[in-house]
Amino acid sequence: MSRVVLAEADGIALAEAFPEDRAALAAGSDGAFDVDPDDRPQVPPVGLVRAAVLDAATGGLLGQVSWHQVGWGRTRACAAWNIGIALLPAARGRRAGVGALRLTARHLFATTDLDRVEAATDVDNLAARRALEGAGFRAEGTVRGAQLRGGVRRDVALYGLLRFDG
């Protein structure tokens, strides 16, 4: 079955996610920044979209990006996209994260009317922080105690990119 490519640049492609991609990512993950399990039901964000991150030359699965809308006020002008990324360990260190984050933001700005894309990562996830900065995102602050990992509340660094940022 062929994938529908959403966007492609710099050797990275965002494509329609297949159901088996999540299993492949889970099987290949090293779990370095996975949050603690929680048996309470979690409602997925409204409008959550997932896309596979592929090597544009080979079609090989590198990871996945996702996005959903969040609000900072009661009007559409106050809405933003919150994005996330998960790369297989073999895809790390090759700037695939930078390319996928940049491509995701470009895709969202090109196909929607929202003017802000944001992302957050564990304050100690230096590789993810470098990838966000390399993709043009700006560090905006710390969200205290946002995640539970290893039984400890962890802070996350919040990053943002505006449509009109350089």
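Computed from heavy atoms alone, side chains included, the values below leave out hydrogens, waters and symmetry copies.
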State, with a plain yes or no, whether a side-chain heavy atom of [X] is found less than 4.5 Å away from one of [Y].
X      : Y      : result
Asp113 : Arg76  : yes
Leu161 : Leu101 : no
Asp10  : Arg95  : no
Trp81  : His68  : no

Under 3.5 Å: donor-acceptor pair, side chain of [X], backbone of [Y]:
X      : Y      : result
Arg50  : Gln64  : no
Arg116 : Ala80  : no
Arg149 : Phe33  : no
Asp155 : Gly145 : yes
Arg154 : Asp122 : no
Asp115 : Arg163 : no

Tell me whether [X] at atom [atom1] has more than 12 heavy atoms from other residues, nucleotides or ligands lying less than 6.0 Å away.
X      : atom1 : value
Arg74  : CZ    : no
Arg153 : CZ    : yes
Arg129 : CZ    : yes

So which atom in [X] and which in [Y] form the shortest heavy-atom distance, rounded to 0.1 Å?
X      : Y      : answer
Leu6   : Ala51  : CD1-CB, 3.8 Å
Asp55  : Arg94  : OD2-NH2, 4.5 Å
Leu132 : Ala119 : CD2-CB, 3.7 Å
Gly151 : Asp36  : N-OD2, 2.7 Å
Ala52  : Leu61  : CB-CD1, 3.9 Å
Ala96  : Leu62  : CB-CD1, 4.2 Å

Any chance you could measure Thr121, atom OG1, to Arg130, atom CZ, to the nearest 0.5 Å?
->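 Interatomic distance, Thr121 OG1 to Arg130 CZ, rounded to 0.5 Å: 11.0 Å.
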Pick from Val65, Leu103, Thr104: which one makes a side-chain contact (heavy atoms from CB on, under 4.5 Å) with Val53?
-> Val65
With Val117 as reference, evaluate Trp67, Tyr159, Phe137 under the side-chain contact (heavy atoms from CB on, under 4.5 Å) test and give the passing residue.
-> Phe137
Run the side-chain donor-acceptor check on residues 15-29: report pairs under 3.5 Å with partners two or more places apart or on a different chain.
unit_1 : atom_1 : unit_2 : atom_2 : d
Asp21  : OD1    : Arg3   : NH2    : 2.9
Asp21  : OD2    : Arg3   : NH1    : 2.8
Asp21  : OD2    : Phe18  : N      : 2.9
Ser29  : OG     : Gly31  : N      : 2.9

Check the hydrophobic clustering (I, L, V, M, F, W, Y; side-chain heavy atoms under 4.5 Å; chains of links allowed) and say if [X] and [Y] are grouped together.
X      : Y      : answer
Phe109 : Ile83  : yes
Leu158 : Leu114 : no
Ile12  : Leu88  : no

